[in-house]
Amino acid sequence: MLITHDTECALSILVDLLNTAPEVCGDERLPDVAALDAFVVRQEISEIDSLTEDDLRQVQELRSRLREVFWTESTEAAAELVNAIVAAAGTTPRLVNHDHHDWHIHYFAPHVAIAPHLAAELGMALAFILMAGERERLRRCEAPDCARVFVDLSRNRSRRYCDSRTCGNRLHVAAYRARQRSAEAVAPA
Ligand SMILES: [Zn+2]
Ligand SMILES: [Zn+2]
């Protein structure tokens, strides 16, 4: 799979953002500007100036649109959504090296507001996944009581559960049972 380290970083920001939605955990995990600010710090998002209520509302709107991509049934449908998100953001790709990072491309316009910033970066990360023919890696957790999304970057695309504590444990239990079954299958009667 031709997915660069930069794209992987953007995808982890994307998943973090999407899983703050109220549909996921019953309550809004980005309820105020302070929470959005904490998100920016946690994800080390660069070139963000001070945040406002408007920024918060726009990020919440963007989050809903980005989440839709995980519910699409075809690459055509996903591409249409991603193209609309990226076009609305207005991208200006430029090569940069800042802080401790090597040369990489910023797709967002310099010091643009956080919503178009994230739309450009996260939209392009999704575009690279689709371009690689990997839409199937955009997953929704299969645990019945979980609405989290994740990007399955495992070699054989076998991940079914998100890495939240509950679902992660489920994953371990399932793997343990599978190992037990195969051990029983080869054990002499
Ligand atoms: Zn950067
Ligand atoms: Zn889950």
Side-chain angles (χ1 to χ4, degrees), residues 3-30 36-51 55 59 62-64 66-71 85-86 89-129 136-154 156-178:
I3 293 298
T4 65
H5 175 68
D6 294 328
T7 299
E8 273 188 40
C9 292
L11 291 171
S12 81
I13 295 172
L14 173 72
V15 166
D16 187 6
L17 175 66
L18 297 193
N19 288 335
T20 63
E23 303 91 295
V24 174
C25 29
D27 48 23
E28 172 63 74
R29 293 285 174 93
L30 290 179
L36 183 59
D37 196 46
F39 172 78
V40 167
V41 171
R42 172 164 88 240
Q43 292 295 351
E44 298 180 3
I45 298 168
S46 61
E47 294 186 43
I48 296 294
D49 306 325
S50 62
L51 297 166
D55 290 322
V59 168
L62 171 68
R63 184 180 60 189
S64 306
L66 288 166
R67 263 177 77 81
E68 280 177 44
V69 178
F70 283 68
W71 269 258
I85 290 166
V86 172
T91 65
T92 54
R94 68 206 138 102
L95 268 170
V96 289
N97 67 340
H98 60 91
D99 301 313
H100 49 281
H101 301 292
D102 286 335
W103 288 101
H104 59 287
I105 295 175
H106 280 179
Y107 293 96
F108 61 93
H111 292 280
V112 77
I114 185 170
H117 174 136
L118 292 176
E121 295 299 312
L122 308 184
M124 286 305 297
L126 285 169
F128 290 128
I129 285 279
E136 280 174 42
R137 292 185 188 268
L138 307 176
R139 297 269 171 86
R140 289 169 280 158
C141 181
E142 288 182 26
D145 48 355
C146 182
R148 291 164 65 96
V149 299
F150 64 93
V151 179
D152 180 5
L153 293 175
S154 70
N156 55 2
R157 304 183 186 129
S158 58
R159 257 185 80 188
R160 296 173 56 209
Y161 302 108
C162 74
D163 56 5
S164 76
R165 199 198 266 169
T166 327
C167 303
N169 282 344
R170 229 186 282 250
L171 186 66
H172 292 308
V173 169
Y176 172 75
R177 292 217 179 105

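Numbering starts at 1 and runs along the sequence shown. Numbering of ligands and ligand atoms starts at 1, following listing order.
Rounded to the nearest 10 degrees, the angle SG (Cys146) to the Zn ion (ligand 2) to SG (Cys162) equals 110°.
Between the side chains of Asp152 and Ser154, at least one donor-acceptor pair of N or O atoms lies under 3.5 Å.
Between Leu122 and Ile85 the shortest side-chain heavy-atom distance does not fall below 4.5 Å. The shortest side-chain heavy-atom distance between Ile105 and Arg94 does not fall under the 4.5 Å cut-off.
The atom of His104 that is an N, O or S and sits closest to the Zn ion (ligand 1) is NE2.
Between the Zn ion (ligand 1) and His98 there is an N/O/S contact shorter than 2.8 Å.
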- prompt: Going through the distances and angles, do Asp6 and Thr4 end up as a side chain to side chain donor-acceptor pair (under 3.5 Å)?
  reply: CA-CA 5 Å; Asp6 294 328; Thr4 65; 4.8 Å; no
